[in-house]
> 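Take this structure first; my questions come after.
For ligands, and for the atoms within them, numbers begin at 1 and follow the listed sequence.
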Amino acid sequence: MTDAVAALAEIHARIAAAAVSAGRAADAVTLVAVSKTFDSAAIRPVLEAGQRVFGENRVQEAQAKWLALRDDYPDTELHLIGQLQSNKAREAVALFDAIHSVDRLSLARALAVEIAKQGKAPLLFVQVNTGEEAQKGGVMPRETGAFLTECRDLGLAIGGLMCIPPEDEAPALHFALLAELAQDHGLTRLSMGMSGDFETAVKLGATHVRVGSAIFGGRG
Ligand SMILES: *Cc1c(COP(=O)(O)O)cnc(C)c1O
């Protein structure tokens, strides 16, 4: 067993335990294994161990690795978790099964065009900038409702909300805020929680946790 395979099993167990302790089903949470910066040789054992949902943050890097990996593991689900430029919407819609970073109107427009053209509908999450940080993507919490309405007017089906809490703050308040916003707007999916805080996120209702370094190791 590689280190990553052992770590994967441990993370799955910790997610299930956190879910059960919160009164949720053990399988209520999808683990998105974040493989950004790791090469195919590092990813293959994790696929071999049965993991089928992976996250990447760059379109080009994902294409370079996953077109071949997916030939070998066709039931793999690929999630884009990083910021997306509107001019890459075509490639992103073609490659990814889910996009967690819908964060502005220009991108929503570009995605709507591509989804209609390609007849393909990735699961979409609106990223909310819960910490209102200038350097981070995402709509402001108070603008979430208006942005969701704009997405709906474009014909975009939004499946849930995503956040990345500020590094220097306790994540629980941010996860709770995201859960409240989702509930206010009738959304059932919550993409929140990373290597350092996924158990907290699961307790606060995460349906998708994005875990990288705790599985694959440090990114150096
Ligand atoms: C890299 C990344 C992750 C995974 O982070 P780890 O701390 O390595 O688990 C999760 N979400 C996003 C948006 C990322 O860019």
> Measure the distance from atom 15 (O) of ligand 1 to every protein heavy atom, then report the residue, atom name and distance (to 0.1 Å) of the closest one.
Lys36 NZ, 2.7 Å
> Starting from atom 5 (O) of ligand 1, locate the nearest protein heavy atom and write down its residue, its atom name and how far away it is, to 0.1 Å.
Met194 CE, 3.5 Å
> Is Asp72 reaching over with its side chain to a backbone N or O of Leu69, donor-acceptor style, under 3.5 angstrom?
no
> Within this structure, what is the CE-OG1 distance for the pair Met192 and Thr130, rounded to the nearest 0.5 Å?
10.0 Å
> Should the ring pair Phe216 and Phe54 be called parallel, tilted or perpendicular, given that the plane angle runs from 0 to 90° and is split at 30 and 60?
tilted
> Does only the side chain of His100 get under 4.0 Å from ligand 1, or the backbone, or both, or neither? Count heavy atoms.
neither
> Might you work through the side-chain contact (heavy atoms from CB on, under 4.5 Å) test for Val59 and Leu84, ending with a clear yes or no?
CA-CA 8 Å; Val59 175; Leu84 177 60; 3.7 Å; yes
> Does the distance from a Lys or Arg side-chain N to an Asp or Glu carboxylate O, for Lys203 and Glu199, drop under 4.0 Å?
no
> Atom 6 (P) of ligand 1: which protein heavy atom is closest, and how many Å away?
Ser195 OG, 3.4 Å
> Which of the atoms in ligand 1, numbered in the order shown and given with their element, are less than 4.0 Å from a heavy-atom of Arg210?
4 (C), 9 (O), 10 (C), 11 (N), 12 (C), 13 (C)
> Is the backbone of Ile81 close enough, under 3.5 Å, to the side chain of Lys36 for a donor and an acceptor to pair up by distance?
no
> Any salt bridge linking Glu167 with Lys136? Criterion: basic side-chain nitrogen under 4.0 Å from a carboxylate oxygen.
no
> Under 4.0 Å from any heavy atom of Val211, which atoms of ligand 1 are there?
9 (O)
> Which atoms of ligand 1 are found less than 4.0 Å from any heavy atom of Gly212?
4 (C), 6 (P), 8 (O), 9 (O)
> Heavy-atom contacts with Ile164 under 4.0 Å: which atoms of ligand 1 show up? List them by number with element.
13 (C)
> Taking atom 13 (C) of ligand 1 as the point of reference, which of Val209, Ile81, Val34 owns the nearest heavy atom?
Ile81
